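Some notes on the structure that comes next.
Just so it is clear, the values below take in all heavy atoms, side chains as well, and ignore hydrogens, waters and symmetry mates. Numbering of residues begins at 1 and proceeds along the displayed sequence. What you see is a predicted model; the values in this text were computed from it and never measured.
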Amino acid sequence: MHVTGTVPPPAPAPQDIHGGPAHPGDTPDGGGRRTRRFGLPVATALVMGNIIGGGIFLLPASIAPYGTISLLAFGVLTVGAVALALVFGRLAERDPRTGGPYVYAREAFGDFAGFLAAWAYWITTWVSNAALAVAAVGYLDVLIPVGEHRWTACLAALVIQWLPALANYAGTRYVGAVQVVSTVLKLVPLVLVAVGGLFFFDAGNLGPFQASGESAMGAVSAAAAILLFSYLGVESAAVSAGEVRDARRTVGRATVIGTAGAAVVYLLGTLAVFGTVAHDRLVESGAPFSDAVNGMFGGAWGGWAVAVAALVSMTGCLNGWTLLSAQTSYAAAKDGLFPAPLARKRRGVPTVGVGVTVLLASLLTVYNYAFGTARVFETLVLVTTFTATVPYLLATAAQLFHLVSGRRDRVDRGRLARDLVVASVAAAFSLWLVAGAGYQAVYQGVLFLFGGVLVYAVMAARKQRTATGRR
């Protein structure tokens with residue numbers, strides 16, 4: 001069998017990703033037991049929880065130097081993100097298997113494209129987990145003094161990573177519960193600030209419409225470069241499609257609802273902070289939501305409230321990203337493109353994949369604290385913003401491929417024009433993400449991808465040898 005030859009057709013609707021009969025509410029795990037599958041609320045929480053991380057708590061201060069024109073960038077980016085969400089929904093409707101972009105790229109272009117999507121996404125997830133845990137320690141230090149000694153901080157970061165991993169080991173039922181609870185808990189303070197800000201809103205705090213001195217287009221582009229990566233995570237439901245009930249319908253709905261919901265929270269929360277914190281103070285603020293809460297209600301408890309909300313937000317992100325990392329490696333391992341142990345599953349969760357993810361993230365965290373390589377660590381995090389766009393581009397390319405190919409079994413003729421427009425907008429959005437990552441990140445990200453080519457060579461050779469041996 002040629003390695004890049006025929007790819008298995010999309011899984012039929014009545015069956016699950018293992019090829020066995022599906023159950024309306026359950027999916028069999030590796031041991032033959034049935035595990036609970038995600039419904040629309042959990043799938044939506046997975047999308048919103050992974051998009052809304054800890055960065056939102058610093059976002060208003062980050063874009064304040066550009067003035068209120070930066071709010072226009074939100075609008076532009078939201079259109080692109082929703083277009084990408086719609087593309088994932090259409091792809092999942094066609095092929096509702098676990099793996100998301102990996103499955104779509106491999107089904108359209110063969111093993112190598114699928115491997116690149118899985119490899120890039122896998123790197124993104126575990127490096128991002130390490131970054132989230134380190135950032136969470138900064139918020140934890142507001143509540144408990146753990147930052148005074150680097151090894152105490154390191155231990156705290158490791159605990160923050162392993163707790164969500166343990167929730168994953170407990171099974172999809174508990175992963176879903178943690179995701180829903182953490183999403184609700186993180187949204188409560190953000191919505192309170194957004195709604196409360198309407199009552200304390202002072203237009204005099206907004207500052208100039210264009211504060212950077214650049215052209216309007218330059219200011220929007222510069223603000224967009226900061227905001228671009230706030231929408232990473234729109235693919236979350238698609239990656240876990242095999243664990244989603246009625247995935248052909250649910251994934252698309254959850255992806256669009258989750259992305260739109262996150263956009264509303266971002267926009268209203270940022271607007272509330274703009275209107276409650278004076279512009280000159282906001283530009284210098286290290287905790288804009290804390291300043292907004294203190295300004296609205298008085299006192300100095302805003303820092304504590306925001307620290308708790310940020311910790312909950314990041315824990316939810318870690319819970320979701322750990323699952324997505326394991327699901328991606330699981331899907332590739334099932335096809336022989338990642339090591340076979342990563343295809344082991346228990347209670348609906350790829351247990352080996354979870355372990356590898358948290359172990360690699362932990363090692364990177366320890367390396368960061370041991371050698372004080374903050375610069376290297378920040379560079380790696382920036383690289384992940386590029387690697388995340390690789391599966392996005394491949395997925396949108398797969399959608400365009402199906403639409404242009406004209407195959408009746410793959411294209412809804414009545415929606416062809418609309419789907420082409422949406423896919424084109426999503427492709428432009430993905431390319432904009434690449435441009436926003438910067439030259440250094442793209443350069444180093446390509447090196448990460450080329451490293452994966454060597455891994456692919458070994459795995460592809462083993463797969464071909466196994467196939468030949470069977471003959």
Side-chain angles (χ1 to χ4, degrees), residues 35-36 38 41-57 98 121-140 143-144 146 153-187 232-233 235-237 239-240 243 258 262 307-330 342 345-366 368 381 384 388:
T35 55
R36 215 166 171 79
F38 298 152
V42 175
T44 302
L46 188 63
V47 175
M48 286 192 71
N50 286 351
I51 292 177
I52 302 176
I56 187 174
F57 296 98
T98 291
Y121 194 75
W122 181 68
I123 289 174
T124 300
T125 52
W126 63 263
V127 174
S128 295
N129 274 11
L132 274 170
V134 171
V137 170
Y139 289 102
L140 179 63
L143 307 173
I144 305 172
V146 296
C154 180
L155 179 61
L158 294 176
V159 170
I160 291 171
Q161 288 178 50
W162 278 89
L163 287 177
L166 293 176
N168 273 265
Y169 277 123
T172 52
R173 179 194 300 263
Y174 296 95
V175 173
V178 170
Q179 201 64 27
V180 170
V181 171
S182 63
T183 300
V184 170
L185 289 178
K186 82 169 68 174
L187 287 178
L232 296 182
E235 73 291 340
S236 301
V239 173
S240 293
E243 272 51 68
V308 171
L311 281 171
V312 170
S313 179
M314 290 183 175
T315 301
C317 271
L318 284 165
N319 179 65
W321 283 111
T322 299
L323 175 65
L324 297 189
S325 179
Q327 295 284 28
T328 299
S329 58
Y330 163 82
L342 293 170
K345 220 173 189 184
R346 182 180 175 83
R347 297 176 181 172
V349 174
T351 50
V352 176
V354 169
V356 171
T357 295
V358 72
L359 180 61
L360 288 173
S362 297
L363 290 174
L364 184 56
T365 301
V366 172
N368 175 62
V381 172
T384 65

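Looking at Thr365 and Gln161, their side chains come closer than 4.5 Å, going by heavy atoms from C-beta outward. Residues Val134 and Asn368 are in side-chain contact: their nearest non-hydrogen atoms beyond the backbone lie under 4.5 Å apart.
When all heavy atoms of Ala262 and Ile51 are compared, the closest pair comes out as CB-CG2, 3.7 Å. Closest approach of Asn319 to Ala167, counting heavy atoms only: OD1-CB, 3.9 Å. Taking every heavy atom of both residues into account, Ala157 and Ala133 meet most closely at O-CB, 3.6 Å. Ser325 approaches Thr357 most closely through the heavy-atom pair OG-OG1, 2.7 Å. Between Gly353 and Ala326, the closest heavy-atom pair is C-CB, 3.7 Å. Between Gly49 and Cys317 the shortest heavy-atom distance is O-SG, 3.0 Å.
In this structure, a donor-acceptor pair under 3.5 Å is present between the side chains of Ser362 and Trp162.
Rounded to the nearest 0.5 angstrom, Leu323 CG and Thr125 OG1 are separated by 10.5 Å. Between Gln327 atom CD and Leu342 atom CG the span is 12.0 Å, to the nearest 0.5 Å. Rounding to the nearest 0.5 angstrom, the gap separating the CG atom in Leu359 from the CG atom in Leu364 is 11.5 Å. The OG atom of Ser236 lies 5.0 Å from the CG atom of Leu46; values are rounded to the nearest 0.5 Å.
Under the rule for a side chain to side chain contact (heavy atoms under 4.5 Å, CB included), the partners of Thr124 that lie at least two apart in sequence or sit in another chain are Ser128, Thr384, Thr387, Ala388. Considering only residues two or more places apart in sequence or on other chains, Leu360 meets the side chain to side chain contact (heavy atoms under 4.5 Å, CB included) condition with Trp122, Trp126, Val356. The side chain to side chain contact (heavy atoms under 4.5 Å, CB included) search around Thr328 returns Ala118, Tyr121, Val239, not counting sequence neighbours. In this structure Thr322 satisfies the side-chain hydrogen bond (donor to acceptor under 3.5 Å, both in side chains) test together with Asn129, sequence neighbours excluded. Residues meeting the side-chain hydrogen bond (donor to acceptor under 3.5 Å, both in side chains) test with Ser240, sequence neighbours left out: none. Under the side chain to side chain contact (heavy atoms under 4.5 Å, CB included) criterion, Ala136 pairs with Ile160, Leu311, Met314, sequence neighbours left out.
In this structure, the side chain of Tyr330 does not engage the main chain of Val349 through any donor-acceptor pair within 3.5 Å.
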